[in-house]
Amino acid sequence: MQQQYHHRWQGVAVNTPWGGGGRRNILLHATKISTNDSSSSSTTTGSGGGTNDDILPSSCLVGIEFVSDAVVQVLNSSFDAKDVARAKALSQLEKGSKKKKKKKKKSDDGGVGDDANAPPALSEEEKQRIGDEAAAAASAFTGLDAMVTRATKGEFGDYQCNAAMGLARNVGMAPRDCAAKLVEGLTPLIGTVMEELEIAGPGFINLRFKKEYLAKAVRSMALDPGRLAIPPSSTPQKIVIDYSSPNIAKEMHVGHLRSTIIGDTLANVLTFAGHDVKRLNHVGDWGTQFGMLVEHLRDEYPIALQKENAADVDLGDLVALYKRAKRRFDEEEDFRARAREGVVKLQSGERESVAAWEALCATSRKEYELIYGLLGIEGLEERGESFYNPYLEGVIEALAEEGLAVESDGAQAVFLPGYTNRDGSPLPLIVKKSDGGYNYATTDLAAIRQRTSLQEGELAERVLYVTDAGQAQHFQMVFRAAEMARFVPEGVSLEHVPFGLVQGEDGKKFATRSGDTVKLKDLLDEAVKIAGEDIRNRDDSKVKDSKFEKEVENVIRTVGIGAVKYADLSMNRESNYRFSYDRMLSLNGNTAPYMLYAYARICGIVRKATGQEDETVWPDPASEIILQEESEVNLARNLIKLPDILQDVEADLYPNKICDYLFETSQKFNQFYENCAVNNAETPQLKASRLTLCTVTAATIRLLLGMLGIQVVERL
């Protein structure tokens, strides 16, 4: 299944592979485009002269796509992709021929050679045929060929293009000469935005934004504090994100934390990008254990069997109830038999059994909605396993029609190529058990079908499953089976978004002292408690003033919950991480308290500059952004990276990139503030300019923390 990524710039959108493809044959306009804002035409300090409006292609920011698209256009206008493909194929033949000669020489020298078994040399006609076939199969250059990356070091500029290195040999040029040809074509396309392009080393092209563009871009961001001059996609996708997924009658534990906040962050990023995002909570509300639970309710809570009471009955501690039911199932033979019969009753829709099941679901729902309230999770639609029951038999029939579902030890299974047990025997994907029941694979296949291809379903173009890494093989097999069964339309992307384990500070399983799994509510409450103790012990009169109690409580909750979320999201999601209250609540390093403090500090700077004491009112953007100090330029250069960061997360789904960028932004701001007076700037124009830099930095922090599900506070 090819994954599609929608690029956006100036209202043009083209589908390209996730691997980094660019758009083909797009005419780039980087010349004078009015923003209909006369106040933005002031001359700014920097090389190249000109005004703000002379530089920016529309009022939106440009980034790596802009450069990559320009390189693609130059490649296609300057070189013939068919000739390049032909030369590359013949070059590979030549390499193979040289290897054969080396082997022959080794054999002639008395070494061990296999020249006798080598295939005969190709004739000129055969080489011609291979070259012709390569040329016929060639397509126009794409972003993969452009090879544009963000520069690894500031001294190399903002971006680096490495296309000439691989292209030169296939076009009969030296790498630096090839780079020079690219620079010649690129200059008219991006020269008003970039400084003079530099060819470095054997043929790398370094690209650096002009200060005039930086100034204009920062002002565009200030004029659009909600989106910071980042346009939404002009070709939005329908995206389903499956995350959180607690189990009915069981408490949410620390393992659910990662799925919930990673999924929520990705949903926020993709929604901001302009996509139509459906957030689904695939709760575990079906299965054989419910026969046991329903029969236990029949004995202990008979009122729950009345449908009119199902949503309101108080079942008390569900975890304790589950344990009592499980103990009876293990110890009482009669109850065990009833539980098995109860599964059949429930699946057949027997009225009392369904009512008891609904009571269990309602009680569980109240519990995990409390957790979602603490975490600030909104818009997550519950759609449990039971929702897909009507689709299960259709899945089996469709698999059988395609010749995929076969009998295996009385069960129905799909055998996928490449999947084996440790002993080498084929690994089955069971879709119907020998007793006629269904399992997770069946439900997941039904969900894929409903979400992507059934007309009454979601008709999603991209479906994300945010679960632990231990389920990787399960989803690989389910996705492959769905593809083979033709449940997934062409171009639809199914993606598993795996995450690692939460560990204790000792690197072992994160558990209570008694060895039990840590309840998520207890974990969050403890974080808030520790944050509260720290904040209330500060020597701050407002903390001790009762009239500020509501504000203090909000800050404590924001810091405590935000610290837990940020600590998780700042890690590469595929890595295990060690849970530490001390680290996550620290004011030093890449933590939520540090970022919240950075935002609050900027609010204080702005209040002082505008003469306000209580509420922070953001000043209007300066009419001219003046970048004269190195730290000012570095901050601006970092701020305009925002579109690239968000597009990276949109593509590869790693939220830690947002945290890394936030931390880098706060450090750049600190350097700026240490070196550049804001309130005591030399001129009113310079003060206004620097206040705008403060405003854009704060808006960036506010936007990104919001995507992480963390609200900001104006005082800390």
TODO: Applying side chain to side chain contact (heavy atoms under 4.5 Å, CB included), run through Leu75 and Leu167 and close with a yes or a no.
DONE: CA-CA 10 Å; Leu75 287 172; Leu167 181 65; 3.6 Å; yes

Task: Chi angles and distances behind the side chain to side chain contact (heavy atoms under 4.5 Å, CB included) call for Gln412, Leu404 - done: CA-CA 9 Å; Gln412 291 290 309; Leu404 295 172; over 6 Å; no

- [ ] Applying side-chain hydrogen bond (donor to acceptor under 3.5 Å, both in side chains), run through Tyr419 and Gln473 and close with a yes or a no.
- [x] CA-CA 9 Å; Tyr419 292 93; Gln473 187 182 70; over 6 Å; no

- [ ] Before giving the answer on salt bridge (Lys or Arg N to Asp or Glu O under 4.0 Å), spell out for Asp158 and Lys641 the whole-Å C-alpha distance, their side-chain angles and the decisive distance to 0.1 Å.
- [x] CA-CA 9 Å; Asp158 294 296; Lys641 290 180 184 177; over 6 Å; no

- [ ] Apply side chain to side chain contact (heavy atoms under 4.5 Å, CB included) to Met707 and Leu646, showing your working.
- [x] CA-CA 10 Å; Met707 288 183 184; Leu646 291 179; 3.7 Å; yes

TODO: Go through the steps for His282 and Tyr388 under the test ring pair (Phe, Tyr, Trp, His ring centres under 6.0 Å), then give the verdict.
DONE: CA-CA 10 Å; His282 192 80; Tyr388 302 99; 5.7 Å; yes

TODO: Apply the test side chain to side chain contact (heavy atoms under 4.5 Å, CB included) to residues Leu266 and Val649: give CA-CA distance (whole Å), side-chain angles for both, the deciding distance (0.1 Å), then the verdict.
DONE: CA-CA 8 Å; Leu266 296 178; Val649 178; 4.1 Å; yes

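Using cut-offs of 30° and 60° on the angle between ring planes, the pair Tyr159 and Phe209 is perpendicular. Aromatic ring pairs are classed by plane angle as parallel below 30°, tilted from 30° to 60° and perpendicular above 60°; the pair Phe141 and Phe79 is perpendicular.
Distance alone, capped at 3.5 Å, places no donor-acceptor pair between the Arg637 side chain and the Lys211 backbone. Asn170 places no side-chain N or O within 3.5 Å of a backbone atom of Val84 that could act as its donor or acceptor partner. With hydrogens and angles disregarded, no donor-acceptor distance shorter than 3.5 Å links the side chain of Asn638 to the backbone of Asn634. Side chain of Arg279 to backbone of Gly263: no donor-acceptor contact under 3.5 angstrom is found. Put simply, the side chain of Asp648 never gets that close to the backbone of Lys657: no donor and acceptor are under 3.5 Å apart. The main-chain N or O of Glu195 is never found under 3.5 Å from a side-chain atom of Tyr213 such that the two would form a donor-acceptor pair. A donor-acceptor pair is defined here as one N or O able to donate and one able to accept, closer than 3.5 Å; such a pair exists between the side chain of Ser259 and the backbone of Val466. Checking side-chain atoms of Glu461 against main-chain N and O of Lys238 turns up a donor-acceptor pair under 3.5 Å. Formation of a donor-acceptor pair under 3.5 Å by the Thr187 side chain with backbone atoms of Val183 is found in this model.
Inspection of the Asp468 and Gln471 side chains reveals an N or O donor paired with an N or O acceptor under 3.5 Å. Residues Ser233 and His275 have side chains that never bring a donor and an acceptor to within less than 3.5 angstrom of each other. For the 3.5 Å distance criterion, the side chains of Ser570 and Asn656 fail to qualify, holding no donor opposite an acceptor. Using a 3.5 Å distance cut-off with no hydrogens or angles, the side chains of Gln647 and Glu65 do pair a donor with an acceptor.
Scanning both residues, Phe487 and Ser453, for their nearest heavy atoms gives O-OG, 3.0 Å. The two atoms that bring Ala164 and Gly203 nearest to each other are CB-O, 3.8 Å, heavy atoms only. What you find for Thr452 and Val488 is that their closest heavy atoms are OG1-CA, 4.2 Å. When all heavy atoms of Ala405 and Ala400 are compared, the pair lying nearest together is CB-N, 4.0 Å. A pairwise comparison of heavy atoms in Ala146 and Ala163 identifies O-CB, 3.4 Å as the closest pair. A pairwise comparison of heavy atoms in Arg258 and Gly500 identifies NH1-O, 3.2 Å as the closest pair.
Residues Thr467 and Tyr243 form no side-chain contact, since every pair of their non-hydrogen atoms from C-beta on lies 4.5 Å or further apart. For the pair Lys432/Leu399, no side-chain contact is recorded, criterion being any heavy-atom separation below 4.5 Å from C-beta on. Ile239 places none of its side-chain heavy atoms less than 4.5 Å from the side chain of Asp276. Looking at heavy atoms from C-beta onward, Leu708 lies in side-chain contact with Cys659 at the 4.5 angstrom threshold. Looking at Met221 and Ile230, their side chains never come closer than 4.5 Å, going by heavy atoms from C-beta outward. Contact annotation: the side chain of Arg86 approaches that of Gln128 to within less than 4.5 Å [non-hydrogen atoms, C-beta and beyond]. Taking the side chain as every heavy atom from C-beta outward, Leu653 and Glu495 approach each other to under 4.5 Å. Residues Val492 and Pro489 form a side-chain contact, since some pair of their non-hydrogen atoms from C-beta on lies under 4.5 Å apart.
Classification of Arg129 and Glu125 as a salt-bridged pair fails, no side-chain N sitting under 4.0 Å from a carboxylate O. Using a 4.0 Å cut-off between a side-chain N of Lys or Arg and a carboxylate O of Asp or Glu, Asp242 and Arg451 qualify as a salt bridge. At a threshold of 4.0 Å, the pair Glu483-Arg480 counts as salt-bridged, since one of the basic side-chain nitrogens sits closer than that to a carboxylate oxygen.
To the nearest 0.5 Å, atoms OG (Ser575) and CZ (Arg573) are separated by 10.0 Å. Rounded to the nearest 0.5 Å, atoms CG (Leu182) and CD1 (Ile199) are 8.5 Å apart. With rounding to the nearest 0.5 angstrom, the CD1 atom of Ile640 is 13.0 Å from the CG atom of Leu228. Atom NZ of Lys181 is separated from atom CG of Leu186 by 12.0 Å, given to the nearest 0.5 angstrom. Taken to the nearest 0.5 Å, the NZ atom of Lys216 stands 15.5 Å off from the NZ atom of Lys210. The CG atom of Leu189 sits 12.0 Å away from atom CE of Met194, with the distance rounded to the nearest 0.5 Å.
Among the candidates Val478, Val414, Ile396, the single residue satisfying the side chain to side chain contact (heavy atoms under 4.5 Å, CB included) test with Leu445 is Val478. Here the rule is side chain to side chain contact (heavy atoms under 4.5 Å, CB included) with Thr665, and of Leu639, Leu704, Asp660 only Leu639 fits it. Each of Leu280, Val240, Ile448 was evaluated against Tyr465; a single residue qualifies, Ile448, per the side chain to side chain contact (heavy atoms under 4.5 Å, CB included) test.
For CD of Glu664, the number of neighbouring non-hydrogen atoms (other residues, nucleotides, ligands) closer than 6.0 Å is greater than 12. Around CZ of Phe475, the count of heavy atoms belonging to other residues, nucleotides or ligands within 6.0 Å exceeds 12. The local environment of CD in Glu126 is crowded, with over 12 non-hydrogen atoms from other residues, nucleotides or ligands closer than 6.0 Å. Counting non-hydrogen atoms of other residues, nucleotides and ligands closer than 6.0 Å to CD of Glu630 gives a total of 12 or fewer.
Figure legend: Arg227 and Phe272 shown as a cation-pi pair, the cationic atom lying under 6.0 angstrom from the six-membered ring centre and within 45 degrees of its axis.
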